[in-house]
Amino acid sequence: MREQLRIALQTCFGYRSFRPGQEEVISRIMCGESVLGLLATGGGKSLTFQLPALLLPGITLVVSPLISLMTDQVQQLRAQKKIPAATLNSAQSREEARETLRGLEQGRFKLLYVSPERLQQPVVQNVLKRIGVSLFAVDEAHCISQWGHDFRTDYLRLPEAAKRLGNPPVLALTATATAEVREEICQLFAIKPENVVALPVNRANIALDVIHAEDEGERRSLALKLMDSLAGQGIVYCSTRQAVEVLVSSYQIEGKKRIHGYHGGMESMERMLVQAQFASGELDLIVATNAFGMGIDKADIRFVLHYQMPASLEAYAQEIGRVGRDGKPGYAALFAVREDVQIHQHMVEKEYPTQEQVEQYCRLLASGAFPSPEQLAALEISPETAELLAFYAEKAGARQADGTVVRNVDERRIARAIIQALERRKLKKLQKLTAMVRFAQERNQCLRKSLNRYFGDEQHSFATQCCTYCGLSRDAYTGPSPGRSEEEMPWDFRRALARLLPNL
DNA sequence: CGGGGTAGCTATACAGCTACCCCGGTGCCGTATT
């Protein structure tokens with residue numbers, strides 16, 4: 001079989017050999033096993049379901065978190081004309097979606113990309129059931145633990161969907177997962193421990209730096225200097241949209257590089273444009289919230305700065321992991337200011353409903369139906385929170401198969417179950433935050449070891465430089481970057497304006 | 001909790017200060033609306 005796979009790889013994709021981990025994953029899938037693949041992004045993750053898609057009889061379903069990821073991949077596949085692929089999502093017109101469904105029924109596709117939300121729709125499930133799903137792939141599977149438990153609960157309904165589709169083998173793929181997240185994914189999809197294919201977490205070519213600053217002012221001047229002096233293209237992560245806007249404006253006053261902000265509050269067209277400009281090298285610096293990341297398939301990003309601390313070491317690892325995929329030296333610096341923990345604490349607090357809100361919600365359930373939008377608004381429960389409450393209420397047995405509420409539901413028991421589930425999640429989030437804080441406040445332990453150990457990796461080798469505490473020369477990463485020329489009119493104009501009107 | 005914006009005061013400076021208020025991340029989907 002190994003030989004067959006190699007031939008398929010050569011003839012269909014034009015590669016002579018597999019990259020680390022790929023063959024391992026694919027051969028197990030072809031044996032009908034469910035697999036969890038922990039492969040570095042850019043390491044050819046998508047090939048591990050694209051190749052089986054060609055060899056397996058029915059259709060391969062790919063659950064993907066972002067519309068942009070789905071359209072990108074489908075376009076690429078169509079351009080290569082190797083694999084007939086399609087996607088279903090809300091960016092399409094009704095007509096397009098109908099056409100895709102028709103094509104599916106006629107067996108015109110081998111690969112279908114969908115969001116977890118779309119997969120919940122009965123129409124979609126029925127069509128898939130009829131044509132037969134041979135492989136159920138979940139791309140960026142860390143989203144299950146990262147988002148599933150709070151604002152995208154449909155992620156947690158994936159195992160149920162797989163069951164309804166006749167239990168095809170599942171391939172869950174991600175780049176970063178702690179032992180705990182691995183366990184959760186394995187349990188959800190009944191993946192055997194021996195079918196976890198993991199590559200080392202350690203990124204030997206990235207130097208890890210932590211820069212302690214007393215206050216916001218000191219941090220800002222240090223960061224602005226660093227942004228200007230580091231060589232190559234880079235990303236600066238902030239934890240709020242406001243911080244992004246402010247940092248971009250202050251950089252533009254004196255900074256020399258081509259820079260742009262990026263966050264979820266921007267128009268989707270602008271976001272696409274900015275990402276494309278960064279990819280093509282027309283921008284040197286992106287200042288972003290955690291919205292910027294997935295789907296960035298750029299090998300030569302030279303540095304990532306964390307202007308503020310992220311909410312977990314998972315997020316941190318994912319974000320610095322975008323540096324140096326080409327294997328050349330890269331640099332990651334985290335600015336540590338004590339107060340940064342507050343914003344994350346606030347978000348965790350805000351995210352979950354109060355005990356009283358849960359009780360009132362359950363009282364409404366007891367009256368025989370899921371609360372209406374008006375009732376939810378009266379309780380000051382956001383639509384996202386309502387979704388979360390409905391999910392946990394269902395899990396506690398408050399919902400019947402037809403979608404209505406169970407008669408004479410025990411409101412107290414349901415409320416208790418929901419509150420417990422929410423408390424558990426909240427505690428987990430706070431523990432992750434604590435681990436992140438500990439890492440940021442570290443004053444002598446090797447950062448590489450701390451980070452790798454968090455993910456259960458004991459391999460700590462490094463290529464050029466290790467970390468702040470093992471000794472690090474920042475000068476090694478400075479140098480000229482493409483930058484913008486001084487004569488460039490629009491930029492000079494903008495700079496002059498910024499000087500005059502710093503608040504614009 | 002803390003950063004940033006703004007109103008308002010002082011009192012003559014094309015500001016500086018304080019007190020106060022507001023807001024804070026990640027994305028599907030579908031329906032109503034511009």
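Just so it is clear: chains get the letters A, B, ... in the order the sequence lines come, proteins before strands, and each one is counted from 1.
One interatomic measurement links the two molecules: CG of A:Asp215 to P of B:dG4, which rounds to 11 Å at whole-angstrom precision. In this structure, CE of A:Met266 is placed 14 Å from P of B:dG25, rounded to the nearest angstrom. Atom-to-atom, NZ of A:Lys350 to P of B:dC23 comes out at 11 Å; the value is rounded to the nearest Å. Residue A:Glu349 contributes atom CD, which lies 17 Å from atom P of B:dG25 at whole-angstrom precision. The interatomic distance linking A:Leu433 (CG) with B:dG25 (C1') rounds to 14 Å, in whole Å.
A:Gln375 and A:Tyr361 share no side-chain donor-acceptor pair at under 3.5 Å. Side-chain contact check for A:Glu95 and A:Ser93: no donor-acceptor pair (N or O, by modelled atom type) lies under 3.5 Å. Side-chain atoms of A:Arg425 and A:Tyr352 include no donor-acceptor pair closer than 3.5 Å. Side chains of A:His142 and A:Thr174: a donor on one and an acceptor on the other come within 3.5 Å. Looking at A:His306 and A:Glu319, their side chains do bring a donor and an acceptor atom within 3.5 Å of each other. A donor and an acceptor atom, one from each side chain of A:Asn89 and A:Tyr113, are nowhere located under 3.5 Å apart. A:Gln318 and A:Thr176 share a donor-acceptor pair across their side chains, judged by distance under 3.5 Å alone.
A:Phe292 and A:Phe278 have perpendicular rings, their planes meeting at more than 60° on a 0 to 90° scale where under 30° would count as parallel. Between A:Phe439 and A:Tyr316, the ring planes lie tilted relative to each other; the angle falls in the 30° to 60° range.
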Filtered N/O pairs between nucleotides 1-3 of chain B and protein, under 3.5 Å:
| unit_1 | atom_1 | unit_2 | atom_2 | d |
| --- | --- | --- | --- | --- |
| B:dC1 | O4' | A:Gln342 | OE1 | 3.2 |

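Nucleic acid contact for A:Glu351: base, since at least one base atom lies under 4.0 Å from a heavy atom of the residue.
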Per-nucleotide protein contact string for nucleotides 27-34 of chain B (B base, S sugar-phosphate only, - none; heavy atom under 4.0 Å): BSSS----

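Pairs of Watson-Crick or G-U wobble type, with distances under 3.5 Å, assemble into runs of 3 or more in DNA chain B at these ranges: B:1-10 with B:15-24.
With A:Phe335 as the fixed residue, the side chain to side chain contact (heavy atoms under 4.5 Å, CB included) test singles out one of A:Leu226, A:Val210, A:Asp209: A:Leu226.
One finds a side-chain N or O of A:Thr289 lying less than 4.0 angstrom from the OP1 or OP2 phosphate oxygen of B:dT26.
Using P as the reference atom, B:dC29 and B:dG25 are 23 Å apart when rounded to the nearest Å. Only the P atoms considered, B:dC22 is 23 Å distant from B:dT26, to the nearest whole Å. Comparing the same atom, P, in B:dA11 and in B:dC17 gives a spacing of 14 Å after rounding to whole Å.
A 4.5 Å side-chain heavy-atom check between A:Ile67 and A:Ser90 finds at least one atom pair inside the cut-off.
Taking for each of A:Val246 and A:Met347 the nucleotide of DNA chain B with the nearest heavy atom, the 5'-most of the two is the partner of A:Val246.
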